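Okay, structure first, notes after.
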Amino acid sequence: QVQLVESGGALVQAGDSLRLSCAASGRTLYSYAMGWFRQAPGKEREVIATINWGGGSAAYADSVKGRFTISRGNAKATSTVYLQMNSLKPEDTAVYYCAADTHRTGGYDSWGQGTQVTVSS
């Protein structure tokens with residue numbers, strides 16, 4: 001497992017952009033598949049963006065496709081994964097979590113504590 005810490009959450013207005021960061025403590029994230037999830041009040045947690053290990057391909061939920069971009073640093077020593085969020089909508093309001101699949105099982109075994117994103121209309 002790996003310790004993950006999200007940051008970058010804020011209160012913004014609809015149409016604004018925000019970039020979330022997910023940093024690993026003392027570990028590189030290059031070898032792990034990573035995911036960003038979110039949970040809105042009263043709703044279940046949903047996966048919104050994933051990226052394979054290494055350079056890997058990315059995938060997005062329909063609700064964020066074309067607006068959000070998951071990325072990681074190019075260097076193999078990178079310990080940060082990002083979520084660039086553009087054209088934010090009030091329905092994007094949620095706690096955002098990053099997660100890592102450190103065992104390459106297809107499941108996420110390491111989670112951050114979450115960062116709040118609030119989008120006002």
Side-chain angles (χ1 to χ4, degrees):
Q1 291 187 334
V2 60
Q3 261 192 321
L4 301 172
V5 178
E6 302 94 336
S7 62
L11 169 62
V12 297
Q13 293 188 334
D16 285 352
S17 297
L18 205 57
R19 189 176 80 161
L20 305 183
S21 299
C22 172
S25 177
R27 300 274 292 275
T28 174
L29 297 177
Y30 185 82
S31 298
Y32 307 144
M34 300 293 298
W36 281 98
F37 296 73
R38 68 185 182 188
Q39 187 167 21
K43 296 187 177 181
E44 292 189 355
R45 185 171 59 193
E46 62 172 338
V47 57
I48 56 171
T50 61
I51 188 167
N52 289 346
W53 70 274
S57 59
Y60 301 92
D62 287 343
S63 58
V64 306
K65 197 174 295 183
R67 300 188 298 123
F68 290 12
T69 304
I70 185 172
S71 65
R72 59 171 98 228
N74 291 328
K76 290 187 177 182
T78 183
S79 61
T80 306
V81 174
Y82 304 97
L83 183 69
Q84 177 67 41
M85 305 187 295
N86 298 328
S87 302
L88 283 162
K89 304 175 182 180
E91 51 263 44
D92 294 320
T93 295
V95 178
Y96 285 71
Y97 301 88
C98 68
D101 174 9
T102 66
H103 296 219
R104 298 192 184 182
T105 62
Y108 295 94
D109 53 83
S110 300
W111 293 82
Q113 83 291 347
T115 186
Q116 176 71 46
V117 173
T118 303
V119 184
S120 64
S121 57

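Worth saying up front: this structure is predicted, and the values here are computed from it rather than measured. By convention here, the first residue in the shown sequence is residue 1.
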Q: Indicate if I51 and Y82 have the same hydrophobic cluster label, given that clusters are the connected sets of ILVMFWY residues with side-chain heavy-atom separations under 4.5 angstrom.
A: no

**Q.** S71: partners by side-chain hydrogen bond (donor to acceptor under 3.5 Å, both in side chains), with sequence neighbours left out
**A.** none

Q | Nearest heavy atoms of V81 and R72, plus distance in Å | A | CG2-CB, 4.1 Å

Q.
D101: which residues meet the salt bridge (charged side-chain N to carboxylate O under 4.0 Å, His left out) condition with it, sequence neighbours left out?
A. none

Q: Could you tell me whether the side chain of S79 and the main chain of T28 form a donor-acceptor pair under 3.5 Å?
A: no

Q. Stepwise, does the side-chain contact (heavy atoms from CB on, under 4.5 Å) test hold for M85 with Y96?
A. CA-CA 11 Å; M85 305 187 295; Y96 285 71; 3.9 Å; yes

Q.
Using the rule that Ile, Leu, Val, Met, Phe, Trp and Tyr join whenever any side-chain heavy atoms are under 4.5 Å apart, tell me whether F68 and V119 fall into a single cluster.
A. yes

Q) What is the minimum heavy-atom distance between T50 and I70, and which atoms define it? A) O-CG2, 3.7 Å

Q | Heavy atoms from other residues, nucleotides or ligands near CD of Q3 exceed 12 (cutoff 6.0 Å) | A | no

Q. Does T102 offer a backbone N or O that forms a donor-acceptor pair with the side chain of Q1 under 3.5 Å?
A. no

Q) Hey, does S31 have a side-chain heavy atom less than 4.5 Å from the side chain of R104? A) yes

Side-chain donor-acceptor contacts of residues 5-19 below 3.5 Å, not counting sequence neighbours, with atom names and distances?
residue	atom	partner	partner atom	Å
E6	OE1	Q113	N	3.0
E6	OE1	G114	N	2.8
E6	OE2	C98	N	2.8
E6	OE2	G114	N	3.3
D16	OD2	Q13	N	3.0
S17	OG	N86	OD1	2.9

Q: Kindly compute the distance separating CH2 (W36) from CG (L83), expressed to the nearest 0.5 Å.
A: 6.0 Å

Q: Could you tell me which residues satisfy side-chain hydrogen bond (donor to acceptor under 3.5 Å, both in side chains) with K65, sequence neighbours excluded, listed by chain and number?
A: D62

**Q.** salt bridge (Lys or Arg N to Asp or Glu O under 4.0 Å): pairs with one or both residues in residues 90-100, sequence neighbours excluded
**A.** R38-D92, R67-D92

Q: Give a yes or no on whether the backbone of T93 and the side-chain of T118 come within a donor-acceptor separation of less than 3.5 Å.
A: no

**Q.** Nearest heavy-atom neighbours spanning A100 and M34
**A.** CB-SD, 3.4 Å

Q.
Taking transitive links into account, so neighbours of neighbours count too, which hydrophobic residues share a cluster with W111 at under 4.5 Å side-chain distance?
A. F37, V47, V95, Y97, Y108

